[in-house]
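First up is the structure itself, then whatever we jot down about it.
All values below come from the heavy atoms of this structure, side chains included, with hydrogens, waters and symmetry mates left out. Since the model is a prediction, treat every value here as computed from it, not as a measurement.
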Amino acid sequence: MTTVLCGVFAVAGCSSTESGNAQPSSTTDLSAATAALWDPCSQIPDSTLTSLDIDLASKRSGILGAEEPGWKICLWEENEFPPNYGISVGSSVHTVDEVRAKPGNVDFAEVKVAGRSGTKYRQSLNDVDEECTFVFSTSTGFVQLGMLNVSTKSKTVPPCERLSPIAEAIVPLLPK
């Protein structure tokens, strides 16, 4: 399932020549910016995850075990439907505008979660009953919460419906 979740985190690369927020343009700048990001693996308390029925033992950092420049990513599975629901939380140096501009990201809608405004979308390669992602702007880029559902068993609960209570608990922990 980690392979499938990788796509949820694919965003345009950084460049200092693009319009909008300035992003790191050198490897050193990107490394420093990545190191300064909010880390979901260490900043989301185990007690919060346990209360959401998320399997703590399933925690994985990065993409397929590798750290991704410009990102801090953490992935978990749900206890109720393992390994059918995958929960991902990623902090990025990229911007929500980059997410919106990326080909293949579709079905954008504004959301309000725990009093914070954000954007909901999915990737076109996944059906509406397979994926839901919320993104929230931060001072360093954005934080993204994603739900991927890879089994017919778990498709009885739409991914955005399952992601909403998770986001309600996690969004208050996000940096501004």
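At distances below 3.5 Å, not a single donor-acceptor pair connects side-chain atoms of D127 with backbone N or O atoms of D129. Checked by atom type and distance alone, the side chain of K72 pairs as donor or acceptor with a backbone atom of A35 at under 3.5 Å.
Taking K112 as the reference, S117 meet the side chain to side chain donor-acceptor pair (under 3.5 Å) condition, with sequence neighbours excluded. Scored by the side chain to side chain donor-acceptor pair (under 3.5 Å) test, S51 finds no partners at all (sequence neighbours excluded). Residues that satisfy the side chain to side chain contact (heavy atoms under 4.5 Å, CB included) test with E168, not counting sequence neighbours, are V113, A114. In terms of the side chain to side chain contact (heavy atoms under 4.5 Å, CB included) criterion, residue partners of T119 (sequence neighbours excluded) are, by chain and number, V96, R100, F108, E110, V135. The salt bridge (charged side-chain N to carboxylate O under 4.0 Å, His left out) search around E161 returns none, not counting sequence neighbours. Not counting sequence neighbours, the partners of K59 by the side chain to side chain contact (heavy atoms under 4.5 Å, CB included) test are C41, C74, W76. Every residue two or more places apart in sequence or in another chain that forms a side chain to side chain contact (heavy atoms under 4.5 Å, CB included) with P165 is listed here: R162. Partners of D107 under the salt bridge (charged side-chain N to carboxylate O under 4.0 Å, His left out) rule, at least two apart in sequence or in another chain, are R122.
Residues R60 and E77 form a side-chain contact, since some pair of their non-hydrogen atoms from C-beta on lies under 4.5 Å apart. Residues P175 and V143 form a side-chain contact, since some pair of their non-hydrogen atoms from C-beta on lies under 4.5 Å apart. With contacts defined as side-chain heavy-atom distances shorter than 4.5 Å, the pair I73/V89 does not qualify.
To the nearest 0.5 Å, atom CG of residue L174 and atom OG1 of residue T138 are 8.5 Å apart. Rounded to the nearest 0.5 Å, atoms CD (E131) and OG (S124) are 9.0 Å apart. For the atom pair L49 CG and S58 OG, the distance stands at 9.0 Å (nearest 0.5 Å).
Nearest heavy atom pair, residue K120 against residue V111, reads CB-CG1, 3.5 Å. The two residues P69 and L30 have their closest heavy-atom pair at CB-CD2, 3.5 Å. The shortest heavy-atom contact between L37 and S91 is CD1-O, 3.5 Å. When all heavy atoms of T34 and E68 are compared, the pair lying nearest together is CG2-O, 4.4 Å. Listed here is the closest heavy atom pair of L145 and L163: O-CD2, 3.5 Å. When all heavy atoms are compared, the tightest approach of G62 to L75 is O-CD1, 3.7 Å.
Side chains of Q144 and S92: a donor-acceptor N/O pair is absent below 3.5 angstrom, by distance only.
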Review point. So N105 and Q123, side-chain contact (heavy atoms from CB on, under 4.5 Å) or not? Walk me through it.
Key: CA-CA 4 Å; N105 289 346; Q123 291 183 337; 3.5 Å; yes
Exercise for review: With side-chain contact (heavy atoms from CB on, under 4.5 Å) as the test, would you mind laying out the steps for T140 and V93 before giving the verdict?
Suggested key: CA-CA 6 Å; T140 59; V93 299; 5.8 Å; no
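Transitive grouping of hydrophobic side chains (ILVMFWY, heavy atoms separated by less than 4.5 Å) brings I170 and L56 into a common cluster.
When each of W38, Y121, W71 is checked for a ring pair (Phe, Tyr, Trp, His ring centres under 6.0 Å) with F142, only W71 meets the rule.
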